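Accompanying notes for the structure given below.
All heavy atoms count here, side chains included; hydrogens, waters and symmetry mates do not. From a predicted model like this one, the values you see are computed outputs, not experimental measurements. In what follows, chains are A, B, ... by sequence order, proteins preceding strands, each numbered from 1.
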Amino acid sequence: MNQLAKSSIMLSPYKSSARWLWIAPTVFLILILAIPTTAIILRGATFEGFRDVLNNSTIKQALWFTAWQALASTALTLIVALPATFVLSRFAFTGNRALQALITVPFLLPTVVVGAAFLAVFPSQLHYTATALIIAHAYFNLTVVVRIVGARWEQLHPGIEQAARTLGASPLTVFRTVTLPLLHSALATASGVIALFAFTSYGIVRTLGGPARATIETEIYTRSVLIGDMPGALALSIVQMIVLTALLWWWAKRHRGESVSPQISVAQRAPSTRGQVALVYGIALATAAVVIAPLSALLWRSLTRTTPGATRFTLSGWRAVTSSTTLGAISTSTLFALCAMVIATVLGLMVALGVAYGSPRFVWLERISVLPLTVSAVTIGLGILITYDTAPYDFRSTWIITPLAHSLIALPLVVRIVLPVVRQIPRGLQSVASTLGATPLQTWLTVDRPLMSRAVGASAAIAFAISIGEFGATSFLTRRSSETLPVTISRLLSRPGDALRTQAYALCVIIVVISMIAIFLIDMLRPSRKAK
Amino acid sequence: MLALTDITLNYEGRTILDSASLSVARGEIVSLVGPSGSGKTTLLRVIAGLEQPSQGTVVIDNKLMTGIPTHKRDVGLVFQDNQLFPHLCVFDNIAYSLRVKRVSKALQIEKVNEMLSLIGMEDLARRDVGQLSGGEAKRIAVARALVADPFILLLDEPLTGLDAELRDRLLEDMGALLRARKTTVVHVTHDHNEATRLSDRVVDVRTLGQSGVQLQ
């Protein structure tokens, strides 16, 4: 009977305490996001500023390059990822899950490390070229295609394609006339995501593009930090915000009212004919090799030094790691990542619980918590830099400002992971618990907490990984006394000399190991009995 | 005893309960019958404090329940869809109310084992609740509600969705169990046969609201 009526007048055990949960996240978003972006707009939105920016040939070049490399990166990602997506979603084979996990790794790597890995794997002729940049973007975004398009492809019933075959279509025609049109929407979604990432890519461009290959993001950095053209940097930030907001608006419009369809995946079948076996394993092995090659190059180059005519084994890069500067960077990065993890997880949890239990009116809280996505990390860094650099608000020199910026970047993801899980917890369980005598706090601790701990753990791991690799905002906020690993790596890579480079590669290996350990540990810590 | 007086519940201009009154004596088993949408379940939820009536009072054991939250009302509610905790095993589901009331471990084990043997499921103590059959899950839900001896047990369509043979057997078992423990019960069903077999008194929920008439 009247389910809707019931749920609306139902008394939630958490209602009174959940009413206050909006305060801390809102204050945080105002201080770290709203005030800094408003400062950029107020100080940068002048007619002269825009006129100068649009007349500047370097900037025009950067705008043009940003746009075309984003399109080229998207196209290349699709070309490289589609064969793997096909075998992963259509065939059951040994190593299917391992390959899926492997393809996720580049996406979790710090962007500076991805850039460094391609410096390590490519011959020097390819360094600082658009080609290298586009290939690195494709590498980073492989998993976007595999996840988004793969989810759709798994649901396509093979019978549809078989029907087309019986009607006389060749395999290629079937793909073109049946499969592709059915995948169209997922392909568009994935392309949108990749284009967005490539458009705002910063760490990869800084390490791999060099001075010749400027995008909007790196140009904002160059103008504000290196050559002191603040009006130009601010105007570019505003251009970037407009483009991002427009893209995300288009995205939200496209997906409005679209519900996540239940995952009815058609049973995957094992490759049956000899040709299929060759195809499946061929594609799987090639993809695995593509993912592993840059990472092994990183490890290899951290242990060797190339002099004209010879490559010799050396531990000098690793020995330099134990110097006080790099040890300092390792501990700074770890400390920042732990802080950002705690802040983002606690605030994200507050948003999720506030939205789910506080009041139906709290939908606005969910909406504002995704706002950090509309601003690039570089813009966040620049905004904080210009807002909090004068007394009495000179927070820029306090160390906590960097982890706070990292938390802001991680917050939308934490909310995205935790909120759907909180919403899925059956309200009946809370009612049962209270009829059995549990206080609201006991109900939360014994019912909700165990059911959401997995999601909270996953979001904490992601917040940690984001923070330890974050480079965009950090490059504006970091001080020599509290440099993070990505900043140190970027500094070492930008200087000439093979010795420094070997050291940078060793640090890349360390940062990869730290992120993987964090993800593994958090995965281990969660309770073994988990929600289904 | 339990006394409901003039319970009215409106939602968005619709009256779901219209000054419903009912009293149940200690140890009595009362069945509320009526078609779906007649407000039976809502009435149970009002007794449990899971829903707030627009007006009227609930008195349990001579204490006025207005403003008293669910967990302090000493009621047990068996939900139509059981709502077993998916992250806890059978034993921990039944022990839940003892655990939140900080009953000693030894007593928890004793009481839960007693319930398990009463419902004939001693072997399933460590079973994952996801692996239970419909009948087993229902028995666990009843045991979980009864283990801490609530003042009143509320049963919401407890046998809906089970096959006929199982319903018969559970009806017998449940009736015997409740009578042996002298539990005060309000039972909601749309099935007259089930109501007459289980309870001491059958009341049509649509007649509760006839102004001023106290139904016996």
Reported CG-to-CG distance for the pair B:Leu146 and B:Leu153, which is rounded to 0.5 angstrom
5.0 Å
Sort [X] into side chain, backbone, both or neither according to what part of it lies under 4.5 angstrom from a heavy atom of chain A.
X: B:Phe85; answer: both
X: B:Ala148; answer: neither
X: B:Leu154; answer: neither

Would you say the side chains of B:His71 and A:Gln442 form a donor-acceptor pair under 3.5 Å?
no
Does a side chain donor of either B:Asp6 or B:Gln55 reach within less than 3.5 Å of an acceptor in the other side chain?
no
Would you say that B:His192 contacts B:Val202 through its side chain, given a criterion of any heavy-atom pair below 4.5 Å between the two side chains?
yes
Minimum heavy-atom distance B:Asn82-B:Ala141, with the two atoms named
OD1-CB, 3.8 Å
Who passes ring-ring contact (aromatic ring centres under 6.0 Å, His included) against A:Phe28, sequence neighbours left out?
none
Strictly less than 4.5 Å between heavy atoms, which residues of residues 108-124 of chain B line up against chain A? Please order them by number.
none
Salt bridge (charged side-chain N to carboxylate O under 4.0 Å, His left out) for B:Glu28 and B:Lys182? Distances and angles first, verdict last.
CA-CA 8 Å; B:Glu28 190 183 18; B:Lys182 295 194 172 57; over 6 Å; no
